[in-house]
Amino acid sequence: MMLNDRWGKAQILALLLAALLLGAFLFYLLAATPQMKTYSLILFLLVLVIAIVFIALALWSKPAALEKKIQQAKERASTASLDELKQRYQEIYQQYLRLHEPEKQKFYSSVVELRQAIEEHLTSQRKLGETMVQAASGTFGERKQQYQQAQELFQTLPAGMQQEHSLHMAQVREQLEKGLKVK
């Protein structure tokens, strides 16, 4: 169970490094010859360097990785689909929850900003859907007005979401053009 979790693997690796470090130190203390003491000291220092690198990576990699994910999500916010944005946000939020409190404070505003952008896209998409339904019925003037409102909402959506709704927008536009030709 611990091996399936990334943090469980890190804990096991940390324990293994600590045991190797202790073993190398004991080997140094118990070495009988000066040559063995030299080899055990080299082994001890090597394991110590590996442990320091491991600790440094564990401490500094989480915030750096989160910052990179947030930046990528912000860049993709204007072109991604809603599902992709939601998935990215969930990954970011899960990683955010794993941070220590002082680190969380640094990223709080960015995470909230990303969430608000997704909520705005959701609201725009919902309004677009409602407007499209209204544009399919009513008098010609009402339908035309609803279509214009839908077109304005459509322009505010990211490219990925526009692609999802472009077929429906084209169908409503076609219906309006047919209504215009008949009258």
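We're numbering straight along the sequence, starting at 1.
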- Salt bridge check: are K104 and E101 linked by an N-O gap of less than 4.0 Å?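 So K104 pairs with E101 through a salt bridge.
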
- Presence of salt bridge, E67 and K106, under 4.0 angstrom: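 No, this pair does not count.
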
Whether over 12 other heavy atoms sit under 6.0 Å from [X] [atom1]:
| X | atom1 | answer |
| --- | --- | --- |
| F107 | CZ | yes |
| Q35 | CD | no |
| K37 | NZ | yes |
| Q171 | CD | yes |

Are [X] and [Y] connected, step by step, through hydrophobic side chains (Ile, Leu, Val, Met, Phe, Trp, Tyr) whose heavy atoms are closer than 4.5 Å?
| X | Y | answer |
| --- | --- | --- |
| Y28 | L45 | yes |
| L48 | L30 | no |
| L16 | L21 | yes |
| L26 | Y39 | no |
| L99 | L97 | yes |

Beyond-backbone contact of [X] with [Y], side-chain heavy atoms, under 4.5 angstrom:
| X | Y | answer |
| --- | --- | --- |
| E113 | K74 | yes |
| Q151 | M169 | yes |
| L128 | M132 | yes |

Straight-line distance of [X] [atom1] to [Y] [atom2], nearest 0.5 Å:
| X | Y | atom1 | atom2 | result |
| --- | --- | --- | --- | --- |
| L66 | Y93 | CG | OH | 12.0 Å |
| Q94 | Y89 | CD | OH | 10.0 Å |
| E120 | L157 | CD | CG | 11.5 Å |
| I12 | L17 | CD1 | CG | 12.5 Å |
| L82 | Q125 | CG | CD | 5.0 Å |
| I92 | Q71 | CD1 | CD | 10.0 Å |

- Minimum heavy-atom distance between K127 and T131, given as atom pair plus value: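 It is O-OG1, 2.7 Å.
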
- Message: Could you report the tightest heavy-atom contact between A73 and L85, atom names first, then the distance?
- Response: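 Heavy atoms of A73 and L85 come nearest at O-CD2, 4.4 Å.
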
- Worked check of side chain to side chain contact (heavy atoms under 4.5 Å, CB included) between F44 and F27: CA-CA 9 Å; F44 175 77; F27 187 62; over 6 Å; no

- Message: Quick check against the 3.5 Å criterion: does S124 have a side-chain atom that pairs as donor or acceptor with the backbone of H121?
- Response: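 Such a contact is absent between S124 side chain and H121 backbone.
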
